[in-house]
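Proteins get letters first, then strands, A, B, ... in listed order; numbering begins at 1 in each.
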2 protein chains.
Amino acid sequence: MNQVNLKRLAQELNLSIATVSRALQDSYEVSSQTKERVKALAAELNYEPNAYASSLRRNISKTIGVVVPEVNNHFFSLVINGIEEVAHQSGYHVLIYLTHDDYEREVAITQYLTGGRVDGLLMSVASESQKFAHLQKLYVSKPAIVFFDRVCEAIATANVTTNDYESGYLATRHLIEAGCRHIAYLLVSGNLSIGRIRMQGYQAALRDHGLPYDDTLVVSDDGDDERNTARIMDLLRRRPEVDGIFASVEHLAISSYHACHALGRAIPAEVKIIGFSNLGVAALLAPALTTITQPAYEMGKAAAQILLCAIEKKRAISPGQSLVLKSELFARRSTAS
Amino acid sequence: MNQVNLKRLAQELNLSIATVSRALQDSYEVSSQTKERVKALAAELNYEPNAYASSLRRNISKTIGVVVPEVNNHFFSLVINGIEEVAHQSGYHVLIYLTHDDYEREVAITQYLTGGRVDGLLMSVASESQKFAHLQKLYVSKPAIVFFDRVCEAIATANVTTNDYESGYLATRHLIEAGCRHIAYLLVSGNLSIGRIRMQGYQAALRDHGLPYDDTLVVSDDGDDERNTARIMDLLRRRPEVDGIFASVEHLAISSYHACHALGRAIPAEVKIIGFSNLGVAALLAPALTTITQPAYEMGKAAAQILLCAIEKKRAISPGQSLVLKSELFARRSTAS
DNA sequence: TTTATCTACGTAAACGTTTACATAGCTTCG
DNA sequence: CGAAGCTATGTAAACGTTTACGTAGATAAA
């Protein structure tokens, strides 16, 4: 199985390796006849350049890394779709890494990526990552980084996010206008900026409508769906006056449904639920779920575009290139009054 | 920004590059004191080996490719989860490519991958790929391949699938036992083996229960959700006697729900629906969807294990290593009698 | 005609790693 | 004491590509 490489092509064509290489790159230094000959043989022998040799020599990998907590999640899978779309168009390859919201794992992954394996990185930080030393290290090393949704504020680069404060405010107001007076907040993770910011919107809306903020109505994510459901059930039992739930992340909305079903609380009659979600079947749920939906696909595309643009132009990415896209509120049965 | 590589370490330690390289690999040829010195400095300088140089030299990339139609799909995202889990454990990196069920795109992707970029490949073929020349080419080239779910029968390698015939049979029988007499079949894609095999199970169940097979009750996937819904609505209008729908793939089940809602057909009273699906919220739909659920995560793990085992042992993969996992039927309201 | 410029190609070094081979200094054994 | 073997290290080639530099021949300019 004689590998077909430049040397092989050069031998068969009685040319030097250099000329073959240049011909395949359409260099002006090669005559058009030679180019034709080379390309014909390359096609015939099904020549494909060795990506590693090329990357080593040019110090460019044509590869970007995507680091996300999960892929089995509508938001992230849509983002990946967008990223892959842009990457494919520009001839980039996409390496994917899952942190499972685990700090250790995120550290290990970023360590890999300092080795020049990728030209750039798109990242949504793990919810447990309070420490940023590993990200700093990575940032100081080569690859360009763009954060999306779950950003790392300690690093001066571009972020692609959504209008989380506003969305938190609108979601809460939506519940209030639907008649809710005791609204629970289900928090992603206290050390994630999106959790905090959405919560600030929630608090502001309460204040503006003369409702007290009560931190015993805040339930934070446990990382496990079963346990989350149990926590929510616990809250609903302890505080029977709760008539609204704002889930700051999709799986907490789902857990809320399970909790209400288990306790026999009618949605929306007794408890109204709104949640951040990219669930395609939100409208088919029983009852249809009112969602704040982030433009996940567009976020992926935008983040990838910022990154690839910076890579191609060999320019550093500045925080000024950050983008804030708008989420949309889809009012459905789960918050009907 | 002096890159830290073996040469740099060697200079600072007054050693040769070879010794440093060997020390980092825990070679028995290096004294333990030297190893310590080397490792200490490597850690201090945050040395990370250049993946491309290493891959070039060793002709091993420690990278596998995953080619799937979509990632925004519960089945595939769970599979990817499983794959990533196994890959991560074995220190492999995962490149991901989406075909969007597009033949041209699949060809382009397989072309990339002949270049030795990956040591192996996990693949679910695009539904439109009737021609296998590109896969043959890839197969003849280096990387080991394992297909999962949507296999390419023309290639003699291991496949990881589920008991599709049996599942098709059971799903159909489930509808018949629930009282259905005119069961529509929603086909993934005629040239996909899974579409055919599931359909054979459907036909066999009809036959065994004395029901006629009627190919005008078969609707095939159009690739677009809106149009699929329209097709199903069309069928339901044309053939008002249809009292059961068997969707051989998740998004067709969802489209069936939309179609029934649009036409005001009650599920399950007038039309019962069962579908292949890995939708986490199937039980929360209105009404809860009866599903045949494939063990997607396990399939991903199994496929990756077969692949990585073959790569590490440098052994060819034989069709004999193929695995057939069992899907599970979850009976819910959508097929209640 | 001489010189400069251009065209089309070749030579060889480099990218960072791995590894076959060589070797210098020991130890061991007959 | 010499041969053999071991230990710990160095030398250098190789992986396949890209590219700076060199050059032979042709053409153009002076």
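Put simply, CZ on R58(B) is 12 Å from P on dA20(C), counting in whole angstrom units. Taking atom OH of Y28(A) as the reference point, atom P of dT7(C) lies 9 Å away to the nearest angstrom. Between L56(A) atom CG and dA14(C) atom C1' there is a gap of 9 Å when expressed in whole angstrom units. Atom NZ of K7(B) is separated from atom P of dG16(C) by 7 Å (rounded to the nearest Å). Distance, L13(A) CG to dC9(C) P: 11 Å, rounded to whole Å. Look at NZ on K35(A): it is 10 Å from P on dC9(C), rounded to the nearest Å. dG10(D) atom C1' lies 13 Å from atom CG of N14(B), rounded to whole Å. We find that CG of D26(A) is positioned 15 Å from C1' of dA8(C), with the value rounded to whole Å.
Side-chain nitrogen and oxygen atoms of S16(A) include at least one within less than 4.0 Å of the OP1 or OP2 phosphate oxygen of dG10(C). The phosphate of dT7(D) (OP1 or OP2) has no side-chain N or O of S31(B) nearer than 4.0 angstrom. Taking side-chain N and O atoms only, N50(A) has no distance below 4.0 Å to OP1 or OP2 of dG16(D). The side chain of S21(A) contributes no N or O atom lying less than 4.0 Å from OP1 or OP2 of dG16(D). One finds a side-chain N or O of Y47(A) lying less than 4.0 angstrom from the OP1 or OP2 phosphate oxygen of dT17(D). Contact check, T19(A) against dC9(C): no side-chain N or O comes under 4.0 Å of OP1 or OP2.
Among the heavy atoms of the strands lying under 4.0 Å from L15(B) are primed sugar atoms or P, OP1, OP2 only; no base atom is included. Among the atoms of the strands shown, none is found under 4.0 Å from any heavy atom of S55(B).
Between the side chains of Q111(A) and H134(A), no donor-acceptor pair is found at a separation under 3.5 Å.
Across dT9(D), dT19(D), dG16(D), the shortest atom-to-atom separation from the side chain of R22(A) is found for dT19(D).
Judged by distance alone, the side chain of S61(A) and the main-chain N or O of R117(A) form a donor-acceptor pair under 3.5 Å.
Residue whose closest nucleotide on DNA chain C sits further toward the 5' end, between Y52(B) and A18(B): Y52(B). Heavy-atom nearest nucleotides on DNA chain D were determined for L6(A) and for E29(A), and the one closer to the 5' end corresponds to L6(A).
The base of dG16(C) lies outside donor-acceptor range of the side chain of R8(B), with no N or O pair under 3.5 Å.
Between V94(A) and T63(A) there is no side-chain heavy-atom pair separated by less than 4.5 Å.
Residues H93(B) and H88(B) keep their aromatic ring centres 6.0 Å or farther apart.
In summary, R105(A) and E85(B) engage in a salt bridge, as defined by a charged side-chain N under 4.0 Å from a carboxylate O.
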